[in-house]
Engineer: 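First the structure, which I've put down as structure tokens, then a few questions once you've had a look.
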There are 2 protein chains.
Amino acid sequence: MKRSLLLENQICFQLYTASKEMTRLYRPILEPLNLTYSQYLVMLVLWEEDGIDLRQLGSRLSLDSGTLSPLVKRLIQIGYIKKERVKEDERRVVLTLTDDGCALREQAEEVPRKVSGMLNVDEATYTAYMEMLTDIKSRLYAFGGRES
Amino acid sequence: MKRSLLLENQICFQLYTASKEMTRLYRPILEPLNLTYSQYLVMLVLWEEDGIDLRQLGSRLSLDSGTLSPLVKRLIQIGYIKKERVKEDERRVVLTLTDDGCALREQAEEVPRKVSGMLNVDEATYTAYMEMLTDIKSRLYAFGGRES
DNA sequence: ATAATTTAAATTGTGCACAACTTAATTGTT
DNA sequence: AACAATTAAGTTGTGCACAATTTAAATTAT
């Protein structure tokens, strides 16, 4: 049964559409912040850890420089972050929040509230979801795998 | 807790990375079939329902013509499908499998087997995952919503 | 029947996502 | 010290994903 070729039976397809629907839910919420979903993820990391370097950012988000370089360039243009070469190691680049980027955090605090309000899940269900996704990911990481 | 801005606590992020990891798992499996993940999804639908039109295909996959038009063009170039205007309604375009596309199905039958072998989930867990993803999606559809 | 509306695909433009490659700096080895 | 190997960003090229627009056909309303 689960091995059939029927589209709806593929867990990959359910994941794929769920993920797309999720970013669709975020789009109008993030639009007033002038952020795409991926840009929002980068900002989340920086609000947690200002002054992170690109390499670490990439490993947090599982994104490579091919994705992050242009994405970061856009965030710089918008004026939320700035980047600087590290003096001790000129290969590395460190990202820091601008005042605007820092200030944006307050508006962003509303985002998770809005989203979970829309999803309307109780704490227990939420935890179960997270555990399931973590479990799926750990099975996936077992192959060709990234870290944890 | 779940309302924090911490990256790892965002269900959206877990979904997003799980989905990316899933397509990463498929990539080497689909490569011998000369298909990308999205192209594979289109082929799944056609193996189910040969002669579907573009509009229905889009609704099955939740993809619009902006995504499907070029994607279908590539599948035609590869030689797996062909497209034809419908005589009774010249707006519509119908997709049909070529002999190669039809023959590919046999190889593709192995894909779900390989994937579930790699994921290594038992039937009950698999069902639980599917139910959870369906549930997440139904909550998501409640907003701005597409069909069920 | 003609005009207005709706519908289906295609096109254009932006922004990921990722593989493959390039460039430059650092580290390790001899 | 000199050279090889490694590492970090950036660049190039391909393929989605989606909003917005365009084109053309069909439907509906007048």
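Throughout, protein chains are lettered first and strands after them, A, B, ... in sequence-line order, and every chain is numbered starting at 1. On a predicted model such as this, the values are computed, not experimentally measured, just so you know.
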Engineer: Taking it one step at a time, do A/R92 and A/R55 satisfy side chain to side chain contact (heavy atoms under 4.5 Å, CB included)?
Structural biologist: CA-CA 8 Å; A/R92 290 172 54 218; A/R55 198 196 119 285; over 6 Å; no

Engineer: With nearest nucleotides of DNA chain D determined for A/T23 and A/L54 from heavy-atom distances, which residue corresponds to the more 5′ nucleotide?
Structural biologist: A/L54

Engineer: Of B/L63, B/L61, B/L35, B/T36, which meets side chain to side chain contact (heavy atoms under 4.5 Å, CB included) against B/V42?
Structural biologist: B/L61

Engineer: Each nucleotide N or O in nucleotides 14-16 of chain C that has a protein N or O under 3.5 Å away: list the pair and distance.
Structural biologist:
{"from": "C/dC16", "atom 1": "OP1", "to": "A/T36", "atom 2": "OG1", "distance (Å)": "2.9"}
{"from": "C/dC16", "atom 1": "OP2", "to": "A/Q39", "atom 2": "NE2", "distance (Å)": "3.1"}
{"from": "C/dC16", "atom 1": "OP2", "to": "A/R74", "atom 2": "NH1", "distance (Å)": "2.7"}
{"from": "C/dC16", "atom 1": "O5'", "to": "A/R74", "atom 2": "NH1", "distance (Å)": "3.3"}
{"from": "C/dC16", "atom 1": "O3'", "to": "A/S38", "atom 2": "OG", "distance (Å)": "3.1"}

Engineer: Judged by atom type as modelled, is there a donor-acceptor pair below 3.5 Å linking the side chain of A/S19 to the main-chain atoms of A/L15?
Structural biologist: no

Engineer: When the ring planes of B/Y40 and B/Y26 are compared, do they come out parallel, tilted or perpendicular, using 30° and 60° as the limits?
Structural biologist: tilted

Engineer: Quickly work out the B/E21 CD to C/dA17 C1' distance and round it to whole Å.
Structural biologist: 13 Å

Engineer: When you compare the side chain of B/M118 with that of A/R139, does any pair of heavy atoms fall below 4.5 Å?
Structural biologist: no

Engineer: Tell me the interatomic distance from B/L68, atom CG, to C/dT12, atom P, rounded to whole angstroms.
Structural biologist: 18 Å

Engineer: Tell me the interatomic distance from B/E90, atom CD, to D/dT27, atom P, rounded to whole angstroms.
Structural biologist: 12 Å

Engineer: Is the closest side-chain heavy-atom distance between A/R24 and B/L140 below 4.5 Å?
Structural biologist: no

Engineer: Measure from CG on A/D64 to P on C/dC21 and round the result to the nearest Å.
Structural biologist: 14 Å

Engineer: Using a 4.0 Å heavy-atom cut-off across all strands, classify A/E31 as base, sugar-phosphate, or nothing.
Structural biologist: nothing

Engineer: May I ask you to say what B/D89 touches in the nucleic acid, namely base, sugar-phosphate or nothing, with a heavy-atom cut-off under 4.0 Å?
Structural biologist: sugar-phosphate

Engineer: Taking any heavy-atom pair under 4.0 Å as a contact, classify B/E88: base, sugar-phosphate, or nothing.
Structural biologist: sugar-phosphate

Engineer: Name the residue closer to the 5' end of DNA chain C, choosing between A/G66 and A/K87 according to the nucleotide with the nearest heavy atom.
Structural biologist: A/G66

Engineer: How long is the line joining NZ of B/K83 and P of C/dA9, in whole Å?
Structural biologist: 10 Å

Engineer: Between A/K73 and D/dA9, is there a contact of a side-chain N or O with OP1 or OP2 at under 4.0 Å?
Structural biologist: no

Engineer: Is there a side-chain contact between B/E48 and A/L5 in this structure, where contact means two heavy atoms from C-beta onward sitting under 4.5 Å apart?
Structural biologist: no

Engineer: For A/L57 and D/dA8, give me the distance from atom CG to atom C1', rounded to whole Å.
Structural biologist: 13 Å

Engineer: If I take atom CG in residue B/L25 and atom C1' in nucleotide C/dC18, what distance separates them, rounded to the nearest angstrom?
Structural biologist: 16 Å

Engineer: Mind listing the closest non-hydrogen atom pair of A/D50 and A/L97 along with its distance?
Structural biologist: OD1-N, 2.9 Å

Engineer: Compare all side-chain heavy atoms of A/I78 with those of A/D100 and state whether any distance is below 4.5 angstrom.
Structural biologist: no

Engineer: Using nucleotides 1-7 of chain C, report all nitrogen or oxygen pairs with the protein that are shorter than 3.5 Å.
Structural biologist:
{"from": "C/dT7", "atom 1": "O2", "to": "B/R91", "atom 2": "NH1", "distance (Å)": "3.2"}

Engineer: Can you check the B/E84 CD to C/dA9 P distance for me, whole Å?
Structural biologist: 14 Å

Engineer: Measuring to OP1 and OP2 of C/dA19, would you say a side-chain N or O of B/R27 lies under 4.0 angstrom away?
Structural biologist: yes

Engineer: How about A/D53 and A/R91: do any of their side-chain heavy atoms sit closer than 4.5 Å?
Structural biologist: no

Engineer: Counting only side-chain N and O atoms of A/K20, is one of them less than 4.0 Å from OP1 or OP2 of D/dC18?
Structural biologist: yes

